[in-house]
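Everything on this sheet refers to the single structure shown next.
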Amino acid sequence: MGRGKVELKRIENKINRQVTFSKRRSGLLKKAREISVLCDADVALIVFSTKGKLSEFSTQPSMERILERYERYSYAERQLVANDQESNENWVIEHEKLKARMEVLQPNQRNFMGEELDSLNLKGLQNLEQQLDSALKHIRSRKVKLCNLVSWICN
């Protein structure tokens, strides 16, 4: 016959709580030994009772070796997390810079398309005209080079 489901809450009766602690601690230590033997795993188990009594189990000759290994591993994990956070912060900063740059470039693009020119004063319009003239000269120069290349290939 199977066991009934146990409600997980603090056991109020001190004696029952101590008996349960003792039995469960024994079971936990047994399971720690089993997993270490069956799976060749390094296991360290530390349990403190409510009165502060220490129970421990370690597959290594000394608990310190496993704890040192744990420290190295958790330090490496913290470094990875810190690097990820730093990387994320860099991406956030880069995103903000690009967003600001876009906000500056979008009105210029609309001006180049002949839109929203009412907001420009005389100096702004002259500057825009100069930029468009320069771009037009560059486009015509490229066009002439391509036409010369095509006519050279065709002959």
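The model shown is predicted, which means the values in this text are computed figures rather than measured ones.
- Annotation for Ile93: hydrophobic cluster partners, listed by chain and number, are none (ILVMFWY side-chain heavy atoms under 4.5 Å, direct or chained).
- A 6.0 Å sphere centred on CZ of Phe112 holds more than 12 heavy atoms belonging to other residues, nucleotides or ligands.
- Partners of Asp40 by side-chain contact (heavy atoms from CB on, under 4.5 Å), not counting sequence neighbours: none found.
- Side chain of Ser22 to backbone of Gln18: no donor-acceptor contact under 3.5 angstrom is found.
- By the 4.5 Å side-chain criterion applied to Ile, Leu, Val, Met, Phe, Trp and Tyr, Trp152 is assigned to a cluster that also includes Leu149, Ile153.
- The list of salt bridge (Lys or Arg N to Asp or Glu O under 4.0 Å) pairs with a residue in residues 137-154, not counting sequence neighbours, is empty.
- Residue Leu132 holds its CG atom at 9.0 Å from CD1 of Ile139, rounded to the nearest 0.5 Å.
- With sequence neighbours excluded, the residues that form a salt bridge (charged side-chain N to carboxylate O under 4.0 Å, His left out) with Glu12 are Arg10.
- In this view, Asn16 and Ile11, Asn13 satisfy the side-chain contact (heavy atoms from CB on, under 4.5 Å) rule, not counting sequence neighbours.
- Listed by first and then second residue, the salt bridge (Lys or Arg N to Asp or Glu O under 4.0 Å) pairs involving residues 16-29 amount to none (not counting sequence neighbours).
- Closest non-hydrogen pair, Val104 versus Pro107, comes out as O-CD, 3.3 Å.
- Closest approach of Ser36 to Thr59, counting heavy atoms only: CB-CG2, 3.0 Å.
- Checking side-chain atoms of Ser134 against main-chain N and O of Gln131 turns up no donor-acceptor pair under 3.5 Å.
- More than 12 heavy atoms of other residues, nucleotides or ligands sit less than 6.0 Å from atom CD of Glu96.
- Applying the salt bridge (charged side-chain N to carboxylate O under 4.0 Å, His left out) test to Arg65 and every residue at least two apart in sequence or in another chain returns nothing.
- Atom CD1 of Ile66 and atom CD of Glu56 lie 10.0 Å apart (nearest 0.5 Å).
- Counting non-hydrogen atoms of other residues, nucleotides and ligands closer than 6.0 Å to CZ of Arg69 gives a total of 12 or fewer.
- Summarising the local packing, CD of Gln109 is surrounded by 12 or fewer heavy atoms from other residues, nucleotides or ligands at distances under 6.0 Å.
- Under a 3.5 Å cut-off, the side chain of Asn111 and the backbone N or O of Glu115 do form a donor-acceptor pair.
- Scanning for side chain to side chain donor-acceptor pair (under 3.5 Å) contacts around Gln60 gives Asp42, with sequence neighbours left out.
- Within the hydrophobic cluster formed by Ile, Leu, Val, Met, Phe, Trp and Tyr side chains joined at under 4.5 Å, directly or through other members, Phe21 is accompanied by Leu28, Leu29, Ile35, Val43, Leu45, Val47, Phe57.
- Under a 4.5 Å side-chain heavy-atom cut-off, the cluster of Ile, Leu, Val, Met, Phe, Trp and Tyr residues that includes Ile46 is completed by Phe48, Leu54, Met63, Leu67.
- Under the rule for a salt bridge (charged side-chain N to carboxylate O under 4.0 Å, His left out), the partners of Glu116 that lie at least two apart in sequence or sit in another chain are Arg110.
- Between the OG atom of Ser141 and the CG atom of Leu136 there is a distance of 11.0 Å, given to the nearest 0.5 Å.
- With a 6.0 Å radius and a threshold of 12 heavy atoms from other residues, nucleotides or ligands, Leu38 has its CG atom above the threshold.
- Arg101 has its side chain within reach of Leu105: a pair of non-hydrogen atoms, C-beta onward, lies under 4.5 Å apart.
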*Hey, mind stepping through His95 and Lys99 against side chain to side chain contact (heavy atoms under 4.5 Å, CB included) and telling me if it holds?*
CA-CA 6 Å; His95 177 260; Lys99 206 162 85 170; 3.8 Å; yes

